[in-house]
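Lettering of chains follows the sequences in order, A, B, ..., and the numbering in each one begins at 1. Everything numeric here is computed off the predicted structure, so don't read it as measured data.
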Number of protein chains: 2
Amino acid sequence: MTEVKFKRLALIGIGLIGSSIARAARKQGLAEEIVCAARTADSRRIAKELGVVDAAYESPVEAVKGADLVVLCTPVGTYAAIAEQIAPHLEQGAIVTDVGSVKGAVVKAIGPHIPEGVDFIPGHPVAGTEKSGPAAGFAELFINRWCILTPCDQASEAAVEKLGAFWAAMGSKVETMDPAHHDLVLAITSHIPHLIAYNIVGTADDLEDVTQSEVIKYSAGGFRDFTRIAASDPTMWRDVFLHNKEAVLEMLGRFTEDLAQLQRAIRWEDGETLFKIFSRTRAIRRQIIDAGQETPEPDFGRTHKSEE
Amino acid sequence: MTEVKFKRLALIGIGLIGSSIARAARKQGLAEEIVCAARTADSRRIAKELGVVDAAYESPVEAVKGADLVVLCTPVGTYAAIAEQIAPHLEQGAIVTDVGSVKGAVVKAIGPHIPEGVDFIPGHPVAGTEKSGPAAGFAELFINRWCILTPCDQASEAAVEKLGAFWAAMGSKVETMDPAHHDLVLAITSHIPHLIAYNIVGTADDLEDVTQSEVIKYSAGGFRDFTRIAASDPTMWRDVFLHNKEAVLEMLGRFTEDLAQLQRAIRWEDGETLFKIFSRTRAIRRQIIDAGQETPEPDFGRTHKSEE
């Protein structure tokens, strides 16, 4: 593995992902100094109290001064304004990257602001939990998870290699990809799952004939699995859907079409079609487990024991 | 808690649920003898080898002979034929129940066959994992999970109380409910979640521009959460949808309507609507956790560590 060490790592935003990068980079000794910018005084205080950063600034400009690695870890909708603000203060030779869940829109939002002599490499660690904020991060978040880089012509090969080595040192497997393809792949593996999870939780909340208390009591029948990703950060996810519109609408169209087929099979009591569709899915879970992307334990390894 | 002890417990079907009942009943000393009927020689052999039953028969008739508690644990579609077959051999004073995920159809399938002097009480433990078969069961499966009984006029109050005590002794919380209301509640808390989980896994499997290997690699973005319930038993779930058609179609209609609203908000870049809907859902997860129906640990408590 390539030895990697940055002088000053500047994290713009110190939520779940930013603070996990801070912890992992600290643990692996990947930066001499780790600083962050955070909008709220609370986040800055918590980040400092937890010792995950050496300094926390309100202004992204202060954070990027002297930094040779700048990582945007705020919701995607804030990127353009932040890029414009920090651009004049970026060090020559610095690498600018991000952790946003969409990539085409990010290239457009950040790219134009990046000055000559700075390498810009959009990135996306496919990792996370349903928790938010600086206290939710942990150093192990990226282990065995994929980090996708979508380098364009604004980065040297050496810079891409160095950033890849940074993610690898935090435990990630690194892949490079075209931004448009990234957005299509993540639409189905991440964005649509979040959308339908948010949706069913909303549908359940709106019922007149079934009480909320009943939904909660009998959620172990399957519903509770959806509430985890539907508990993710609403601002982050609003921005994902606003910035990956085409791919999400395309995948949603396919999902709805397939659901109509299932609906029709139920209406016409076509057990054969139902059985055929329900039989396809075990193999995929098995492969996800074999690929180290999921726990093999039943029920996600949730504990089954008396609380008494 | 009422002391409960059956002479002979007959489990018709010895999959995940049947074998979990066998283990829990054995552990809690709820029956002097525990027997099962299973269609395949493999299931009978495994059940006996694991010591979860004292005897395993091919014929349900042999299993119910002398039994004072008979529990149907096969897919719902098999109930009518089994009920007809065992009816003449049921003991006077026996309780007949089931564990099916629908209840209205079960009343119609089993009820007419139950002779005078036998108490029939439909039941549904809202518990399970994505695994199937006799080896997948465990005694703790029902702890802190709700078991819904939907007694009709074919059972005495004493019998309902005795069956409730049986489930309580295995760790369940017991609730009684009207069969039609059960089917509506479970449509949203269990059946629709399974349907859309099966559906999205199918949609992902059918894509031309995204490879299956990509779906697997980047499944940690949310997709993998859906593969758990989509790995459930296809025969069981086919029967659920064939036997809870009205309630499922009603809830599916609402789900689709709500999804269309989200789709429109994405198309028209209505961030406010998206944010509002995405902000409603954290509270429900919190309540499910507070009600002891879900783990408070991030990411379902999945381990985050290096496998190297």
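- The two atoms that bring B/Arg280 and A/Asp205 nearest to each other are NH2-OD2, 3.0 Å, heavy atoms only.
- For the options B/Ser213, B/Ser232, B/Pro234, heavy-atom pairs under 4.5 Å to chain A are most numerous at B/Pro234.
- Of the two parts of A/Ile200, the backbone and the side chain both hold a non-hydrogen atom closer than 4.5 Å to a non-hydrogen atom of chain B.
- Residue contact with chain B, scored on non-hydrogen atoms closer than 4.5 Å, involves the backbone and the side chain of A/Asp233 alike.
- Interface residue A/Val248: only side-chain heavy atoms are found under 4.5 Å from chain B.
- If you measure heavy-atom distances from B/Leu252 to chain A, the contacts under 4.5 Å come from the side chain alone.
- Chosen from A/Gln287, A/Lys217, A/Glu214, the residue pairing most often with chain B at heavy-atom distances under 4.5 Å is A/Lys217.
- Salt-bridge check for B/Glu297 with A/Arg228: failed, with every basic side-chain N at 4.0 Å or more from each acidic carboxylate O.
- The pair B/Arg282-A/Glu130 does not meet the salt-bridge criterion, since no charged nitrogen lies less than 4.0 angstrom from a carboxylate oxygen.
- Heavy-atom pairs under 4.5 Å with chain B were tallied for A/Gly301, A/Gly202, A/Pro125; the largest tally goes to A/Gly202.
- Looking at heavy atoms from C-beta onward, A/Phe226 lies in side-chain contact with B/Phe226 at the 4.5 angstrom threshold.
- We find that B/Arg238 and A/Asp270 are not joined by a salt bridge, their nearest charged nitrogen and carboxylate oxygen being 4.0 Å or further apart.
- Contact of the B/Phe278 side chain with the A/Leu195 side chain is registered, since non-hydrogen atoms from C-beta on lie closer than 4.5 Å.
- Inter-residue side-chain proximity for A/Ile196 and B/Phe255 is flagged as met; some heavy-atom pair is nearer than 4.5 Å.
- Ranked by heavy-atom pairs shorter than 4.5 Å toward chain A, the options B/Asp225, B/Leu274, B/Ile229 are led by B/Asp225.
- Proximity to chain B is limited to the side chain of A/Leu249, based on heavy atoms less than 4.5 angstrom apart.
- Closest non-hydrogen pair, B/Tyr218 versus A/Val126, comes out as O-CG1, 3.7 Å.
- Contacts of A/Phe241 with chain B are made by both backbone and side-chain atoms, with heavy-atom separations under 4.5 Å.
- No donor-acceptor pair closer than 3.5 Å links the side chain of A/Asp258 to the backbone N or O of B/Asn199.
- In this structure, chain B has no heavy atom under 4.5 Å from any part of A/Ile289.
- With no hydrogens or angles considered, no side-chain donor-acceptor pair links B/Arg285 and A/Ser219 at under 3.5 Å.
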Q) Can B/Lys245 and A/Glu269 be said to form a side-chain contact (heavy atoms from CB on, under 4.5 Å), step by step? A) CA-CA 8 Å; B/Lys245 188 170 126 172; A/Glu269 296 175 15; 3.1 Å; yes
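- Interatomic distance, B/His243 NE2 to A/Ile266 CD1, rounded to the nearest 0.5 Å: 13.0 Å.
- Per-residue counts of heavy-atom pairs under 4.5 Å with chain B were compared for A/Asp206, A/Asn244, A/Thr295, A/Ile192; the largest is that of A/Asp206.
- Ranked by heavy-atom pairs under 4.5 Å with chain B, the list A/Pro193, A/Ala197, A/Gly171, A/Ala127 is led by A/Pro193.
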Q | Test log, rule salt bridge (charged side-chain N to carboxylate O under 4.0 Å, His left out), inputs B/Glu294 and A/Arg302 | A | CA-CA 8 Å; B/Glu294 177 60 293; A/Arg302 284 183 183 116; 2.6 Å; yes
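- Within the 4.5 angstrom heavy-atom criterion, only side-chain atoms of A/Leu262, from C-beta onward, approach chain B.
- For the options A/Leu207, A/Thr211, A/Val215, heavy-atom pairs under 4.5 Å to chain B are most numerous at A/Leu207.
- Per-residue counts of heavy-atom pairs under 4.5 Å with chain A were compared for B/Arg254, B/Arg286, B/Glu257; the largest is that of B/Arg254.
- Counting heavy-atom pairs under 4.5 Å between each of B/Ile188, B/Leu259, B/Ile277 and chain A puts B/Leu259 at the top.
- Heavy-atom distances place no part of A/Ser101 under 4.5 Å from chain B, backbone and side chain included.
- A/Val210 and B/Met251 make their closest contact through CG2-CE, 4.2 Å (heavy atoms, listed as atom of the first residue, atom of the second, distance).
- Looking at A/His181, only its side chain comes within 4.5 Å of chain B, counting heavy atoms on both sides.
- Checking A/Ser190 against B/Arg224 by side-chain atom types alone, no donor-acceptor pair falls below 3.5 Å.
- Between the side chain of B/Thr189 and the main chain of A/Gly221, no donor-acceptor pair closer than 3.5 Å is present.
- Checking A/Thr129 against B/Asp299 by side-chain atom types alone, no donor-acceptor pair falls below 3.5 Å.
- Looking at A/Ala220, both its backbone and its side chain come within 4.5 Å of chain B, counting heavy atoms on both sides.
- Note: B/Ile288 leads B/Asp290, B/Asp209, B/Ile288 in heavy-atom pairs under 4.5 Å with chain A.
- Looking only at heavy-atom pairs under 4.5 Å with chain B, the residue among A/His191, A/Lys173, A/Glu175 that has the most is A/Glu175.
- Remark: side-chain polar atoms of B/Lys131 are not paired, donor with acceptor, to backbone N or O of A/Pro298 under 3.5 angstrom.
- When the candidates B/Thr273, B/Leu242, B/Leu186 are compared by the number of heavy-atom contacts under 4.5 Å with chain A, B/Leu242 comes out ahead.
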